[in-house]
Amino acid sequence: MAALDKVFTARGSPNIALIKYWGKRDEKLVLPWNSSLSITLADDVVNTTTSIVFSKKLTEDRLFIDGKREDLKNKDIEERLWIIEKMRNDADVDAGFLVASKNNFPASSGMASSASGIATLVTAANAALGSGLSKKELSMIARQGSGSACRSIFGGIVEWHVGSRKDGSDSYAEQMFDEKYWPEIIDIIAITSSEKKKVPSRAGMRQTVETNPLFQSRAASAEKRVEKAIIAYKERDFGALAELIMADSNEMHALMMGTRPSIRYLNSASYEIMEAIEELNREAGENIAAYTFDAGPNAHIITQEEFKDEILWALKEMKGKIMETRVAGQGSGPSLLRGDSLIDLARMAPK
Ligand code: DP6
């Protein structure tokens with residue numbers, strides 16, 4: 001049963017892809033060309049909190065991100081938010097919604113597109129509407145809002161299965177290892193720019209699929225890497241895992257570059273970080289860290305706790321190039337909060 005006029009709040013965190021998703025075989029259902037693998041980050045370091053209320057008093061749906069009202073007619077928002085309308089229809093609820101969402105990290109392209117934004121939104125909506133959906137089902141709804149969001153429904157190491165069915169019913173996220181399996185694995189985030197993304201992922205992927213014939217062969221190699229990375233993780237073989245992570249990031253960025261018009265997300269600091277990590281690995285005589293970049297210039301350095309200080313030291317040496325570093329462990333996925341509502345019910349407005 002839906003609970004009208006009651007605020008539901010969820011907190012969750014972004015994930016960083018070790019083996020990446022880049023390109024859709026179905027744009028509406030958000031079906032990828034290859035499986036992908038990610039780490040859900042700990043929500044004490046990077047998090048999104050999302051509150052939702054459904055009420056008959058709301059004559060129109062409203063969305064606030066970081067305190068700012070968003071236009072639901074905006075294409076980028078519309079393409080993602082329809083999943084809440086679908087959940088509301090499926091639950092047979094006739095009421096408006098008010099959503100307020102807040103991030104504790106810089107929003108890259110209007111956080112409606114962030115994995116943690118969508119993952120917390122569907123988690124809170126599931127509770128408010130009394131839909132009773134499983135995490136697997138929620139991952140398939142989140143996927144249609146933003147592909148990478150399906151992985152943020154679970155904690156630890158998560159695979160998004162590529163699936164083969166046309167209706168998307170076998171393209172869902174699944175936890176492969178929980179956050180306690182190899183807890184020493186951490187992500188050092190090095191912020192090299194706070195600028196807005198030049199090309200949103202959605203448009204960039206479309207451009208790649210349309211203009212770069214190499215994308216098919218990348219999808220095939222990424223698929224194999226997912227399998228290999230799961231084996232490396234199972235065996236806690238960091239050396240092998242690091243090779244796969246760096247190779248996949250480099251291959252995706254090469255693919256982007258070969259797209260017409262060329263898409264380049266990395267900046268000079270990103271390249272310097274890549275070189276610094278390769279140097280550290282050479283000096284150590286083994287891989288102690290792996291860099292990876294999503295659709296932006298900020299580095300994610302995957303390593304083990306014991307090498308944290310060494311890596312932070314190397315980053316400090318790059319004076320002025322890195323704006324901020326954050327160290328994130330692995331998280332357990334979105335959870336519903338009892339307090340911490342972002343909505344003032346009396347005013348039907350964000351707090
Ligand atoms: C480079 O999930 O943001 O981060 O499905 O269009 O919303 P949409 O794209 P999105 O793309 C993420 C791309 C990536 C790689 C990854 O996270 O796997």
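In listed order, ligands and their atoms are each counted from 1. Heavy atoms only: backbone and side chains are in, while hydrogens, waters and symmetry mates are out. We count residues from 1, following the sequence as given.
Contacts of Val30 with ligand 1, taken as heavy-atom pairs under 4.0 Å, involve the side chain alone. Contacts between Ser148 and ligand 1 below 4.0 angstrom, taking non-hydrogen atoms only, involve backbone and side chain alike. The part of Ser201 lying near ligand 1 is the side chain, judged by heavy-atom distances below 4.0 Å.
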- Worked verdict on Ile185 versus Gln304 for side chain to side chain contact (heavy atoms under 4.5 Å, CB included): CA-CA 5 Å; Ile185 294 286; Gln304 300 180 75; 4.0 Å; yes
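Taking the six-membered ring where the residue is Trp, Phe177 and Tyr233 present tilted rings, their angle falling between 30° and 60°.
Which parts of ligand 1 touch Ala17 is read off a 4.0 Å heavy-atom cut-off, strictly below it: atoms 16 (C), 17 (O), 18 (O). The contact set between ligand 1 and Lys24, taken as ligand atoms under 4.0 Å from a residue heavy atom, comprises 5 (O), 6 (O), 8 (P). Taking every non-hydrogen atom of Ala295 and a distance limit under 4.0 Å, the qualifying atoms of ligand 1 come out as 1 (C).
With values rounded to the nearest 0.5 angstrom, Asp187 atom CG is found 11.5 Å from Thr40 atom OG1.
If you check the side chains of Trp160 and Ser171, you find a donor sitting under 3.5 Å from an acceptor.
Between Ser146 and ligand 1, at least one pair of N/O atoms sits closer than 3.5 Å. In terms of polar-atom proximity, defined here as any N/O pair under 3.5 Å, Gly147 does make such a contact with ligand 1.
The side-chain tip of Lys308 does not point at the ring of Trp313 from less than 6.0 angstrom away and within 45° of straight on.
Residue-environment remark: CG (Asp94) stays at or below the threshold of 12 foreign heavy atoms within 6.0 Å. Within a 6.0 Å radius of NZ in Lys351, other residues, nucleotides and ligands contribute more than 12 heavy atoms.
For atom 9 (O) of ligand 1, the candidate residues are Arg202, Met256, Met252, Met205; the nearest heavy-atom contact is made by Met205. Among Arg143, Arg151, Lys20, Arg80, the residue whose heavy atom lies closest to atom 17 (O) of ligand 1 is Arg151.
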